[in-house]
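The shown structure was predicted, so the numbers you read here are calculated from the model rather than taken from an experiment. Because only heavy atoms are used, hydrogens play no part in the values below, and waters and symmetry mates are left out as well, while side chains stay in.
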Amino acid sequence: MTVDKTAIRDAATVIVVRDPETNPRILMGQRGSKAAFMPNKFVFPGGAVDAEDYDVPLATPLSDQCCDRLLDDMRPETPDSAVHALAVAAIRELWEETGLILGGKGNWDIPPAADWTDYAATGHVPSAQSMQFVFRAITPPGRPRRFDARFFLINADILSGDLDDFSRASEELSHLQWVGLKDARSFDLPFITEVVLAEIEGQLPDLSAPASVPFFKNDDEAGWFKRLHGRAPSEADLGG
């Protein structure tokens, strides 16, 4: 079966903030030069939802508010169960790309999927309790890969282990580092990452759920900006 790689895939991204009240820094890494999507760009850890993510149990789920916002304006082809899978994918991608653990000590009730074997071996179970859904963006048409990406914000303090130890990270991201919020724009960033950083900077030091979630919606008919649980798009948003 031929897979349409330009079809929109659900994805999750994690914005990890360190020392938000005193010296805010964001965890970022650089994508490879041969990557099909955003080569060479500095990005947050994240990636597409895998089929196995739907079945991985969470010790603690997302808050009801986060779930409601994630369900708002869901694409018709995306099942409601994707809310759970998005949280799982965010935790998995953070582990795979940085080697950092978001979860609590505990034992798995089911055998872990292949992508979770090393995570489970650390003696942790994934937990989404402290994740806040803060941003959403769909990749515009015409790109080699398209994602419906949900961005989750967490405080680095809730991660387990040494925050400067990336020795267990995969090779998906290089130059992993804590980037000062004021310095981030000197890096080679995707446009949408710059927008997200501006939103986060305006919110800090508060890491709680925002009043409404910014959403850059790029479908095949129009691209426009709205806020989930906020106002409807105006004529200006729609290009009118």
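- Residue pairs meeting the salt bridge (Lys or Arg N to Asp or Glu O under 4.0 Å) criterion with at least one partner in residues 107-134, sequence neighbours excluded, do not occur; the list is empty.
- Judged by the 6.0 Å distance and 45° axis criteria, Arg136 is positioned over the aromatic ring of Phe215.
- Note that CZ of Arg69 is 7.0 Å distant from OG of Ser212, once rounded to the nearest 0.5 Å.
- Contact of the Val213 side chain with the Asp72 side chain is not registered, since no non-hydrogen atoms from C-beta on lie closer than 4.5 Å.
- Taking Glu194 as the reference, nothing meets the salt bridge (Lys or Arg N to Asp or Glu O under 4.0 Å) condition, with sequence neighbours excluded.
- Contact record, Asp53 with Ala89: OD2-CB, 3.5 Å, taken as the closest heavy-atom pair.
- Atoms CG and CD1, on Leu153 and Ile200 in that order, are 4.5 Å from each other to the nearest 0.5 Å.
- Ring geometry for Trp116 versus Trp108: interplanar angle of 30 to 60°, hence tilted.
- Closest non-hydrogen pair, Gln132 versus Leu207, comes out as CG-O, 3.4 Å.
- Residues Pro45 and Glu93 are not in side-chain contact: their nearest non-hydrogen atoms beyond the backbone lie 4.5 Å or more apart.
- By the 6.0 Å contact criterion, CG on Asn107 is open, its count of non-hydrogen atoms from other residues, nucleotides or ligands being 12 or less.
- Thr122 contributes a side-chain N or O that, together with a main-chain N or O of Tyr119, makes up a donor-acceptor pair within less than 3.5 Å.
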Would Leu173 and Phe166 satisfy side-chain contact (heavy atoms from CB on, under 4.5 Å), going step by step from the backbone distance to the final call?
-> CA-CA 11 Å; Leu173 294 180; Phe166 304 120; over 6 Å; no
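- For the salt bridge (Lys or Arg N to Asp or Glu O under 4.0 Å) test, no residue two or more places apart in sequence or in another chain qualifies with Lys105.
- For His84, the side-chain hydrogen bond (donor to acceptor under 3.5 Å, both in side chains) criterion is met by no residue, not counting sequence neighbours.
- The CD1 atom of Ile192 sits 10.5 Å away from the CG atom of Leu197 when rounded to the nearest 0.5 Å.
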Solution key, residues 74-83 side-chain donor-acceptor pairs under 3.5 Å, sequence neighbours excluded:
residue, atom, partner, partner atom, Å
Arg75, NE, Asp148, OD2, 2.9
Arg75, NH1, Glu77, OE2, 2.5
Arg75, NH2, Asp10, OD1, 2.7
Arg75, NH2, Asp10, OD2, 3.3
Arg75, NH2, Thr78, OG1, 3.2
Thr78, OG1, Asp10, OD2, 3.2

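- The stretch residues 175-184 participates, sequence neighbours left out, in these side chain to side chain donor-acceptor pair (under 3.5 Å) pairs: Gln30-His175, Lys182-Glu201.
- Inter-residue side-chain proximity for Phe147 and Ile8 is flagged as unmet; no heavy-atom pair is nearer than 4.5 Å.
- Distance alone, capped at 3.5 Å, is enough to place a donor-acceptor pair between the Asn155 side chain and the Asp157 backbone.
- Residues forming a side-chain contact (heavy atoms from CB on, under 4.5 Å) with Asp206 (at least two apart in sequence, or on another chain): Gln203, Ser208.
- Separating the CG atom in Leu100 from the CZ atom in Arg168 is a distance of 8.0 Å, to the nearest 0.5 Å.
- Pro210 and Val134 make their closest contact through CD-CG1, 3.8 Å (heavy atoms, listed as atom of the first residue, atom of the second, distance).
- Take Phe187 and apply the ring pair (Phe, Tyr, Trp, His ring centres under 6.0 Å) test, not counting sequence neighbours, and it matches Phe42.
- Residues satisfying the side-chain hydrogen bond (donor to acceptor under 3.5 Å, both in side chains) criterion with Asp165, sequence neighbours excluded, are Ser167.
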Stepwise side-chain contact (heavy atoms from CB on, under 4.5 Å) check, Thr13 with Arg150 = CA-CA 6 Å; Thr13 296; Arg150 284 70 159 197; over 6 Å; no
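- Residues Pro140 and Arg143 form a side-chain contact, since some pair of their non-hydrogen atoms from C-beta on lies under 4.5 Å apart.
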Go through Phe216 and Thr139 one step at a time and tell me if the side-chain contact (heavy atoms from CB on, under 4.5 Å) criterion holds.
-> CA-CA 9 Å; Phe216 274 76; Thr139 310; over 6 Å; no
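- For the ring pair (Phe, Tyr, Trp, His ring centres under 6.0 Å) test, residues two or more places apart in sequence or in another chain that qualify with Phe151 are Phe135.
- Shown here for Pro112 and Ala120, the closest heavy-atom pair between the two residues is CG-CB, 3.8 Å.
- Counting heavy atoms from C-beta on, the side chains of Phe44 and Thr98 never come closer than 4.5 Å.
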Any chance you could lay out the side-chain contact (heavy atoms from CB on, under 4.5 Å) test for Val179 and Arg25, step after step, and finish with the verdict?
-> CA-CA 5 Å; Val179 179; Arg25 289 168 286 164; over 6 Å; no
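- When all heavy atoms are compared, the tightest approach of Pro24 to Thr22 is CD-C, 3.8 Å.
- Scanning for salt bridge (Lys or Arg N to Asp or Glu O under 4.0 Å) contacts around Asp164 gives Arg18, with sequence neighbours left out.
- Between Leu62 and Met131, some side-chain heavy-atom pair lies under the 4.5 Å cut-off.
- Rounded to the nearest 0.5 Å, atoms CD1 (Ile138) and CZ (Arg146) are 7.0 Å apart.
- Annotation: the span from Leu86 atom CG to Phe133 atom CZ amounts to 8.5 Å, rounded to 0.5 Å.
- Heavy-atom minimum distance, Glu97 versus Ser170: CA-OG, 3.9 Å.
- With hydrogens and angles disregarded, no donor-acceptor distance shorter than 3.5 Å links the side chain of Thr60 to the backbone of Ser127.
- Residues Pro190 and Val43 have side chains in contact (heavy-atom distance under 4.5 Å, counting atoms from C-beta outward).
- Counting only residues at least two apart or on different chains, no salt bridge (Lys or Arg N to Asp or Glu O under 4.0 Å) pair has a member in residues 55-68.
- Remark: the backbone N or O of Leu189 is not paired with any side-chain donor or acceptor of Thr193 at under 3.5 angstrom.
- When Val196, Leu27, Ile154 are each tested for a side chain to side chain contact (heavy atoms under 4.5 Å, CB included) with Ile15, only one passes: Val196.
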